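Step one of this worksheet: look at the structure below.
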Amino acid sequence: MDYAPESEQPLVGRFLPSVFREVAAEYMSDGRFLLLDLVGDGSIDAAVDGADRVRLVHQPVPDPDAAALLVRPDGYVAWAGADTTGLRDALDRWYAV
């Protein structure tokens with residue numbers, strides 16, 4: 001399976017930016033994917049409803065480059081987006097939800 005990033009978003013395929021690493025370390029010790037909701041408005045919640053292999057964390061930041069980041073257990077960004085468009089596809093691509 002090819003896991004090359006398909007996104008135009010520059011964070012995809014890169015290691016999680018340092019500003020989020022402390023938060024990520026707290027939540028990623030169980031080997032699950034981490035979905036960081038950077039807007040904090042809850043709009044991402046429905047996209048991962050029932051996805052037990054994803055830990056959703058609301059981490060609002062001012063002027064984020066993306067509304068949310070899906071982070072693999074190894075710390076690399078698997079998906080980033082301005083909204084939930086493409087998130088479900090990314091989840092399905094990495095594993096069956």
Side-chain angles (χ1 to χ4, degrees):
M1 180 177 272
D2 178 20
Y3 291 113
E6 294 178 355
S7 174
E8 300 269 336
Q9 222 301 336
L11 293 172
V12 174
R14 296 180 179 255
F15 199 69
L16 185 65
S18 60
V19 68
F20 302 116
R21 287 189 196 142
E22 185 175 322
V23 171
E26 180 180 345
Y27 293 105
M28 293 179 65
S29 62
D30 60 2
R32 290 194 287 175
F33 275 64
L34 176 67
L35 182 61
L36 290 173
D37 173 7
L38 305 180
V39 179
D41 65 0
S43 63
I44 295 292
D45 295 16
V48 295
D49 186 35
D52 63 346
R53 288 190 259 175
V54 176
R55 181 181 300 268
L56 175 62
V57 175
H58 300 283
Q59 184 65 38
V61 297
D63 302 318
D65 292 335
L69 302 175
L70 179 63
V71 183
R72 299 181 339 201
D74 63 1
Y76 283 86
V77 177
W79 173 89
D83 54 37
T84 60
T85 303
L87 175 57
R88 201 64 186 176
D89 289 340
L91 291 169
D92 289 344
R93 178 179 185 171
W94 287 98
Y95 58 83
V97 177

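Being a predicted model, the structure only gives us computed values, none of them experimental.
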Would you mind reporting whether Phe20 and Val71 have side-chain heavy atoms less than 4.5 Å apart?
no

Would Leu35 end up clustered with Tyr76 when hydrophobic side chains under 4.5 Å apart are linked, directly or stepwise?
no

Examine Phe15 and Leu11 and state if one hydrophobic cluster contains both, with Ile, Leu, Val, Met, Phe, Trp and Tyr joined whenever side-chain heavy atoms are less than 4.5 Å apart.
no

Can you see which heavy atom on Gly31 is nearest to which on Pro73, and at what distance?
O-CG, 3.2 Å

Is the shortest heavy-atom distance from the side chain of Leu16 to the side chain of Leu36 under 4.5 Å?
yes

Quick check: are there more than 12 heavy atoms from other residues, nucleotides or ligands sitting under 6.0 Å from CZ of Arg21?
yes

To the nearest 0.5 Å, what is the distance between CG (Asp83) and CD1 (Ile44)?
7.5 Å

When you compare the side chain of Val61 with that of Val19, does any pair of heavy atoms fall below 4.5 Å?
no

Provide the full list of side chain to side chain donor-acceptor pair (under 3.5 Å) pairs with a residue in residues 58-69, sequence neighbours left out, each pair given once.
Asp37-His58, Asp45-His58

So which atom in Leu38 and which in Pro64 form the shortest heavy-atom distance, rounded to 0.1 Å?
CB-CB, 3.9 Å

Approximate separation, where rounding is to 0.5 Å, of Thr84 OG1 and Trp79 CH2
7.0 Å

Parallel, tilted or perpendicular, judged at 30° and 60°: which one describes the rings of Phe33 and Trp94?
tilted

Set of side-chain contact (heavy atoms from CB on, under 4.5 Å) partners for Ala67, sequence neighbours left out
Val39

Shortest non-hydrogen separation from Arg72 to Ala78 and the atoms involved:
CG-CB, 3.7 Å

Ignoring hydrogens, what is the shortest heavy-atom contact between Val54 and Arg32? Give both atom names and the distance.
O-NH1, 4.1 Å

